[in-house]
2 protein chains.
Amino acid sequence: MSSTPPFHETLDLTLCGSMGRVHRLCRDAVTLAVEPLGLTQSRWTAMMHLFHLNQGCTQQELANSLGIEMPSLTRTIKQLEQQEIIARKADAEDKRSKRLYFTEQGLQLLDTLQVIIADVKEHLYADLTTEQLDTMAHGLIQMEQNARQCIRHYSGDK
Amino acid sequence: MSSTPPFHETLDLTLCGSMGRVHRLCRDAVTLAVEPLGLTQSRWTAMMHLFHLNQGCTQQELANSLGIEMPSLTRTIKQLEQQEIIARKADAEDKRSKRLYFTEQGLQLLDTLQVIIADVKEHLYADLTTEQLDTMAHGLIQMEQNARQCIRHYSGDK
DNA sequence: TTAATATAGTTAGCATGCTAAGTAAATATT
DNA sequence: AATATTTACTTAGCATGCTAACTATATTAA
């Protein structure tokens, strides 16, 4: 005899739509804050992930970290290279792969970027408890797994 | 002296990136399952929201429900109209607005769509408790508000 | 060793979100 | 009543994700 339905059900299948919206808004917030640096969302995101991976990783590794496909990254990398924020160097051992490094000015920009992002992050996570954030993070990971399995199921099943 | 940091911190600012990824994957899962119906993500999403809003709403109302801007919707509506799934009828009182209705075959398609989506949804939410889903839904809403405020702050402040 | 397969990266082009700017109708101001 | 503003929608064009198909190199199998 539940009088009120679970809150998430009022969102119905739009929980998924909600994630897309929040994702876009968070990105917009950071991108706005970061605008003076001349960076778009895909570029600052790539920079942050490259920082966490340490320099010298391959494009494939960065794409994995970002959770995007290679062609999506290729475009971004090209832009960051043109802005002389990162540089690509061919791997000596495996001539197919290219390793990514920040340039001097890229590193400087990164510093500023991190300060700004830390600030925005604080705003975005305001009024959310650590427990809440943890639950969300775990839930997202579970849903990601579910979705991947679901996709396998509906495509080839294999 | 906390030995392990909160789980979400291991994701750092990528909690936001996670949402984007999960969102894309969930959509892909549904879109795959729904493929035989000839519907893309934006189209089936619009259909579901139109259903929940009841027919006869304006494009603006549907855009609000979807959480997207009008021009994004215009394109989708046009496609749904060409597929003869929905029909637009000019409002008699306000000649600017157009009201949206399902066609006969649109309604039939909607039935099938709903069955499939209910099935996929079950997979996507598998192993997540009601409490977890509720926490996530609330967290998303809070973050959405934070992000909007943040955006106001960084743009005009006003 | 040669042929088959797999992997890193690119290019081309689609889907879906957006903003900016335009049209036409409704509403508010004077 | 005439003008100015707002609102609903469209069009044009950008940003970022994707898949498919290509090149070049590396690895595996015959």
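Just the heavy atoms: all of them, side chains too, but no hydrogens, waters or symmetry mates, feed the values below. All chains are named by letter (A, B, ...) in the order of the sequence lines, taking the proteins before the strands, and each is independently numbered beginning at 1. Note that the structure is predicted; figures quoted are calculated from it, not measured.
- Heavy atoms of D94(A) sit under 4.0 angstrom from primed sugar atoms or phosphate atoms, though from no base atom.
- Remark on DNA chain C: of its neighbouring residues R43(B) and E93(B), the 5'-side contact belongs to R43(B), judged by nearest-heavy-atom nucleotide.
- When D111(A), V30(A), V34(A) are each tested for a side-chain contact (heavy atoms from CB on, under 4.5 Å) with I116(A), only one passes: V34(A).
- Scanning DNA chain D 5' to 3' for nucleotides with an atom closer than 4.0 angstrom to a non-hydrogen atom of chain A gives a first and last hit of dT16(D) to dA26(D).
- Counting non-hydrogen atoms of other residues, nucleotides and ligands closer than 6.0 Å to CD of Q55(A) gives a total above 12.
- Sparse packing is recorded around CD of E122(B), with 12 or fewer heavy atoms of other residues, nucleotides or ligands lying under 6.0 Å away.
- Here dG22(C) presents its C1' atom at 14 Å from CE of M70(B), a figure rounded to the nearest Å.
- The side chain of K98(A) contributes an N or O atom lying less than 4.0 Å from OP1 or OP2 of dT10(C).
- Within 4.0 Å (heavy atoms only), S42(B) reaches sugar-phosphate atoms of the nucleic acid but no base atom.
- The nearest whole Å value for the distance from the CD atom in Q79(A) to the C1' atom in dT10(C) is 15 Å.
- At whole-Å resolution of the value, CD1 in I68(A) and C1' in dT10(C) are 15 Å apart.
- A close approach under 4.0 Å does not occur between any side-chain nitrogen or oxygen of Q59(A) and OP1 or OP2 of dA8(C).
- Ranked by how close their nearest DNA chain C nucleotide is to the 5' end, R96(A) and P71(A) are led by R96(A).
- Counting only residues at least two apart or on different chains, the side chain to side chain donor-acceptor pair (under 3.5 Å) pairs with a member in residues 140-150 of chain A are Q142(A)-N146(A), E144(A)-R148(A), E144(A)-R21(B).
- Each of T103(B), L109(B), L39(B) was compared with Q83(B) under the side-chain contact (heavy atoms from CB on, under 4.5 Å) criterion, and only L39(B) meets it.
- Among the protein residues, T74(A) comes within range of the nucleic acid bases, having at least one heavy atom under 4.0 Å from a base atom.
- Residue R99(B) is classed as having no contact, given no heavy-atom separation below 4.0 Å to the nucleic acid.
- Across all strands, E61(B) comes closer than 4.0 Å to no nucleic acid atom at all (heavy-atom distances).
- A 6.0 Å sphere centred on CD of Q105(A) holds more than 12 heavy atoms belonging to other residues, nucleotides or ligands.
- In terms of modelled atom types and a separation under 3.5 Å, the side chain of T58(B) and the main chain of K98(B) share no donor-acceptor contact.
- Residue contacts for S97(A): at a heavy-atom cut-off of 4.0 Å it reaches the sugar-phosphate backbone alone, with no base atom in range.
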